[in-house]
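Structure first, then comments.
Residue numbers count from 1 along this sequence. First listed ligand is number 1; within each ligand, the first listed atom is number 1.
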Amino acid sequence: MNLILLGPPGCGKGTQATYLVEKYGYVQLSTGDMLRDAIKNNTTTGKIVKDVLASGKLVDNELILQIMKDKIEETKASPGRIFDGFPRTLAQAEGLNALLSQNNLSIDLLIELVVDREELFERIQKRASESASVRDDDNADVLGKRLDVYNQETKPIISYYERDYFVNKIDGMQDIKTVNMLIDKLVASGTKQ
Ligand code: ADP
């Protein structure tokens, strides 16, 4: 099962991915988490991307695709992968197609979590106020930038995918459990095929 979770920052992709990891034993491939780990461990990649993340802009497609290439190969034995926060540009979506076909894999399910802009601001502000280690990019200024980047660079990949696939839309304004259940239904019917 290869599932792509789409939707803006704060829509709940990470929360839902964690649930699927626990329930189905899938691996969560979150480029955001990978980049934050690299920064924390002060690796070469971490040094390159630190300021980019803090600004809310996107990291270079080539670097992201190199990281993903390694991850897809590392997770060959996994029963499933949840792509969370990747792909974020058309170039990444095309790169992912190439990586999957090189590994005899395909996209099995696409889900878009739909949440309005006002709610996203509230959620990120809440997350920043509750979290012990505040993310450099979880503040109103950078969130505004991240949402603009999402609308300009990431949103177009939804219509790109809609040419070849069905993109399941879920109202991400509902409570976490309801969203869990709706995603679960899609995953369960996708797994049976
Ligand atoms: P969110 O979805 O809350 O914005 P992420 O953890 O997915 O958070 O991403 C945080 C930041 O990491 C992004 O704003 C961007 O700078 C960088 N990043 C993550 N994934 C990608 C990607 N696929 N391509 C380019 N940059 C990325």
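- Sorted by chain and number, the heavy-atom contacts of ligand 1 below 4.0 Å come from Pro9, Lys13, Thr31, Gly32, Leu35, Arg36, Leu53, Lys57, Leu58, Val59, Ile64, Gly85, Phe86, Arg88, Gln92, Arg127, Arg135, Asp137, Arg146.
- Two different hydrophobic clusters hold Val142 and Val49 under the rule that ILVMFWY side chains link at heavy-atom gaps under 4.5 Å.
- Annotation: side chain to side chain donor-acceptor pair (under 3.5 Å) contacts of Tyr150 (sequence neighbours excluded): none.
- The aromatic rings of Phe86 and Phe83 sit tilted relative to each other, their planes meeting at an angle between 30° and 60°.
- Using modelled atom types and a 3.5 Å distance limit, the side chains of Asn180 and Gln16 yield a donor-acceptor pair.
- A pairwise comparison of heavy atoms in Val167 and Ile158 identifies CG2-O, 4.2 Å as the closest pair.
- Residues Tyr26 and Asn2 have side chains that never bring a donor and an acceptor to within less than 3.5 angstrom of each other.
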